[in-house]
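Quick notes on the structure that follows.
Order of appearance sets the numbers: ligands from 1, and atoms from 1 within every ligand. Since this is a predicted model, take the numbers as computed values, not measurements.
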Amino acid sequence: MIKFLRELPKVELHAHLNGSLCIDSIRELAENVYGKQAEEFTAMCERFITFEKGAKLNECFEKFGFVHELTSTRKGLQYATELAVRDFAKDNVMYLELRTTPKSNANMSRRDYLETVVESIKNACNQYAITVKLLPSINRSEPVEVAEETVALSLELCQNDPDIVVGIDFSGNPSQGKFSDFMPALELARKHGLKLAVHCAEIDNPTEIREMLKFGMSRCGHGTFLSSSGFAHMKDHNIPIECCLTSNVKSGTVSTVSAHHLKELMEADVPKVLCTDDCGVFDTTLSDEFILANETFGLTKSQCIGLTMEAIQHSFATPQEKLKMKMQLYSYTRRHEN
Ligand code: 5GP
């Protein structure tokens, strides 16, 4: 089963770029771009992937600063993007949607940031057997003007690279910022054809959850605190919930893997996809998440194939790309029928 899941051609729909670098890749980036010796990094790396039991979601957001420093130059960002894509490809991910928050600093504007990521995705796709899309992220703890700039840049980049820039992610610390303030920017993106992946019900905030469901989205990140009627809403509107088992448990929003809502979603046949969220920070891979689901909930091979099929359906890929993925999945499963 483990071999089957590791080699299964997989689809990753919820991956934050700066959270997706595994420790070895962080070391490689630090050494090759900044000339930092691996030893200097050992203690920092340990802290990066260590979570105290009972960790709080709020604390997790502090972890990213460590990688953000390494991706604060064009060269660092380019190298990091290529490494992240390489790591997913190594895990037999055939299709990846990466999200990242454009940042401006003395080295780069937000435009430079996004252009660098797009170019690096193109380079990486020439090297590895993987298709990669980009969802620029709106960080809800930043001002609305930044979100407006991100949407404007995304629409512009989408004109040049419609095969790469396909949507907008709404993320950041859910206890900061008001969703309703960002609705006009998100609406503009949607009106111009960008899909919306919204972190929704990550914490228990019934007013905001109601606002988000009413506003609508193409996919829902986490959905941890949705009620049964919220799940029913997702089913009725065919909105998949992006489930990130290890992330939710390590960041303390779900108590144990066996208590994860994936079980209820499976039983109620609500659309769902299995994702990593931040495979670097949470020290996991998409294969590990499938293995965990198999070990915890007894997911069979055919259920894992079914989940991958759902991920293909709910991806922001073109119809041709979806067909190609289905054929790849089909030919893999045919080979492993016995
Ligand atoms: P980046 O956007 O810098 O490439 O990836 C890291 C950022 O993604 C974090 O600073 C945070 O804004 C967002 N992020 C990563 N993981 C999570 C998560 O589990 N929940 C939410 N709401 N945001 C996240």
Closest approach of any protein heavy atom to [atom], naming residue and atom:
atom                    : value
atom 6 (C) of ligand 1  : Phe64 CD2, 3.6 Å
atom 16 (N) of ligand 1 : Asp278 OD2, 2.7 Å
atom 22 (N) of ligand 1 : Gly172 O, 2.7 Å

Close approach of His68 to ligand 1, heavy atoms, under 4.0 angstrom: yes
For [atom], which candidate among [options] holds the nearest heavy atom?
atom                    : options                      : answer
atom 2 (O) of ligand 1  : Asn248, Thr101, Asp277       : Thr101
atom 14 (N) of ligand 1 : Arg140, His199, His16        : His16
atom 18 (C) of ligand 1 : His14, Glu202, Gln176, Glu62 : Glu202

Which word best sums up how the rings of [X] and [Y] line up, parallel for under 30°, tilted for 30 to 60°, or perpendicular for over 60°?
X      : Y      : answer
Phe4   : Tyr332 : tilted
His261 : Phe231 : parallel
Phe61  : Phe64  : tilted

Check: Ser247 N/O within less than 3.5 Å of ligand 1 N/O: no
Polar contact flag for Ser171 and ligand 1 (N/O pairs, less than 3.5 Å): no
Donor on one side chain, acceptor on other, Ser227 and Ser229, under 3.5 Å: yes
Distance-only donor-acceptor check, side chains Asp112 and Ser109, under 3.5 Å: yes
Within 45° cone of Phe215 ring axis and under 6.0 Å: Arg190 NZ or CZ: yes
Ring centres under 6.0 angstrom apart (Phe88, Tyr128): no
Ring centers of His14, His199 separated by less than 6.0 Å: yes
Which atoms of ligand 1 sit under 4.0 Å from any heavy atom of [X]?
X      : result
Asn18  : 1 (P), 3 (O), 4 (O), 5 (O)
Thr100 : 1 (P), 2 (O), 4 (O)
Leu17  : 4 (O)
Lys103 : 1 (P), 2 (O), 3 (O)

Lys133 (side chain) donor-acceptor with Asp163 (main chain) under 3.5 angstrom: yes
